[in-house]
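Heavy-atom basis, side chains included; hydrogens, waters and symmetry copies ignored. Since we're looking at a predicted model, the values are computed, not measured. As the structure lists them, so they are numbered: ligands from 1, and atoms in each ligand from 1.
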Amino acid sequence: MEKIIMKHDIHKMYQESVQCVEAEIDFIEVTYKEIRGNEARYLREDFSGTGQTAGEWVDRNAKNKAWAVDLDDDVLAWGQSHIVPHLKNKQGLNYKKADVRNSGIKNMDIVLAMNFSYFLFMDRNTMIDYFVSVKDSLEDTGIFFLDAFGGYEAAKELKEERECEGFTYIWDQASFNPINSEMQCYIHFITDDGIDFHKAFSYYWRLWTLPELQEMLHKAGFSTIDVYWEGTDDKSGEGDGVFKASKIGTADAGWICYLVALP
Ligand SMILES: C[S@@+](CC[C@H](N)C(=O)[O-])C[C@H]1O[C@@H](n2cnc3c(N)ncnc32)[C@H](O)[C@@H]1O
């Protein structure tokens, strides 16, 4: 059994099905430079999981440094044994076990809260406290990047399957409560040789809206907040992967976007 689990590592399957850290860091590098006119060096990845994004950051430039912050020993250990060995700039990446609200890692050019992880803060005060702690961790010229998702299908109970190499990825919005906007989601993987990693990852989230998030960021003291909305590919009608600061979005069934907040 141990061999099977090693062969089908849920963190590897997560990386292959969920994350595209290259595109994410492309967006962050370009946007930081557009706004600040120079290059960022110090990045903190909150809710880092295995720290793959932080690893991509340090490998972009030998001068870059990153801190991957998570509460879970297992994911941090996995990152140290599976991500660090493949990095050119190994000494640039630091892992820290901490609550993102008081990790003590400050003077950052960039703080990231990606893959919607901060949706686990369920009430306004807790979210604002987190945002205040991020603002206090940034240089005056720093930038806070967050992603968000929504659309009318985000508030539905549904399952979506996607074929990946060697396994099927299943996104499961198992329950949604319209009274408090809390939702239970899971990621399941079924390997081509029939092993079912049911509830490999579980997320209990509040589905926050973009107006709420912008209001809370302002309340926390961020001075400028822009929503970067994805363009549409003319041929396919799907998202084109290019995110631009926008005042008007499209009323799609499902969308993801970035919030870019300046202290
Ligand atoms: C959706 S996963 C994020 C994974 C990561 N962003 C990635 O893409 O690999 C959420 C992570 O947040 C961590 N987490 C939850 N609450 C936290 C907190 N208050 N402080 C630090 N990490 C936390 C969990 O341990 C988990 O690894």
Side-chain angles (χ1 to χ4, degrees), residues 9-28 43-59 66-84 86-87 93-106 108 110-134 136-137 144-149 154 162 164 169-174 182-189 197 199-208 216 220 256-259:
D9 187 320
I10 57 168
H11 297 301
K12 271 230 154 334
M13 290 191 277
Y14 179 89
Q15 284 181 351
E16 282 161 28
S17 53
V18 176
Q19 292 197 296
C20 184
V21 294
E22 294 83 1
E24 202 153 275
I25 292 294
D26 285 348
F27 171 75
I28 286 156
L43 174 147
R44 190 179 90 199
E45 183 187 6
D46 282 352
F47 312 99
S48 66
T50 59
Q52 209 202 351
T53 312
E56 176 68 18
W57 176 255
V58 298
D59 261 6
W67 285 261
V69 180
D70 201 287
L71 276 176
D72 182 347
D73 283 320
D74 290 346
V75 290
L76 295 173
W78 195 96
Q80 276 157 335
S81 57
H82 290 77
I83 289 181
V84 175
H86 301 288
L87 298 177
L93 177 54
N94 307 278
Y95 285 90
K96 174 134 191 195
K97 181 186 175 176
D99 189 302
V100 292
R101 289 165 289 183
N102 51 34
S103 68
I105 298 161
K106 296 192 173 220
M108 292 292 109
I110 292 172
V111 173
L112 302 182
M114 296 296 190
N115 289 333
F116 329 115
S117 306
Y118 64 98
F119 279 17
L120 59 81
F121 294 136
M122 293 294 183
D123 64 85
R124 247 182 112 80
N125 288 343
T126 310
M127 188 68 90
I128 291 169
D129 284 350
Y130 168 56
F131 289 164
V132 168
S133 75
V134 172
D136 291 345
S137 310
F144 182 29
F145 290 89
L146 317 81
D147 59 9
F149 78 100
R162 187 156 32 89
C164 300
Y169 158 90
I170 302 157
W171 172 248
D172 182 2
Q173 291 174 192
E182 291 180 12
M183 64 195 301
Q184 175 68 61
C185 304
Y186 300 105
I187 292 175
H188 316 291
F189 301 113
F197 289 89
K199 301 185 181 174
F201 293 97
S202 165
Y203 307 107
Y204 195 69
W205 280 336
R206 171 163 169 183
L207 185 62
W208 291 96
M216 290 186 290
I256 63 157
C257 69
Y258 292 106
L259 290 131

Return a table of donor-acceptor pairs under 3.5 angstrom between the side chains of residues 123-131 and protein atoms on other chains or two or more places apart.
residue	atom	partner	partner atom	Å
D123	OD1	N125	N	3.2
D123	OD1	T126	N	3.0
D123	OD1	T126	OG1	2.9
D123	OD2	T126	OG1	2.8
Y130	OH	D46	OD2	2.7

Under a 3.5 Å threshold, I'd like every N/O contact between ligand 1 and protein atoms, with atom names and distance.
residue	atom	partner	partner atom	Å
ligand 1	6 (N)	F47	O	2.9
ligand 1	8 (O)	Y14	OH	3.1
ligand 1	8 (O)	Q19	NE2	2.6
ligand 1	8 (O)	N115	ND2	2.2
ligand 1	9 (O)	Q19	NE2	3.4
ligand 1	19 (N)	D99	OD1	3.4
ligand 1	19 (N)	D99	OD2	3.4
ligand 1	20 (N)	V100	N	3.0
ligand 1	22 (N)	L71	N	3.3
ligand 1	25 (O)	D70	OD1	2.6
ligand 1	27 (O)	D70	OD1	3.3
ligand 1	27 (O)	D70	OD2	2.7

(message) Between W208 and F121 (side chain of the first, backbone of the second, donor and acceptor by atom type, cut-off under 3.5 Å), is there such a pair?
(response)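 Looks like yes, one N/O pair under 3.5 Å.
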(message) Restricting to ring pair (Phe, Tyr, Trp, His ring centres under 6.0 Å), what partner residues turn up for Y204, sequence neighbours left out?
(response)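 Once residues adjacent in sequence are excluded, Y204 has no partner under the ring pair (Phe, Tyr, Trp, His ring centres under 6.0 Å) criterion.
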(request) Using distance alone, with no hydrogens and no angle criterion, decide if N115 and Y14 have a side-chain donor and acceptor under 3.5 Å apart. (result)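 Looking only at side-chain atoms, Y14 and N115 do form a donor-acceptor pair, the distance falling under 3.5 Å.
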Tabulate below the donor-acceptor pairs under 3.5 Å that side-chain atoms of residues 66-75 make, not counting sequence neighbours, or state none.
residue	atom	partner	partner atom	Å
D70	OD1	D72	N	2.9
D70	OD2	G49	N	2.8
D72	OD1	D74	N	2.8
D73	OD2	K97	NZ	3.1

(message) Minimum heavy-atom separation for S103 and K96, please, with both atom names.
(response)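 Where S103 meets K96 most closely, the heavy atoms are O-NZ, 3.0 Å.
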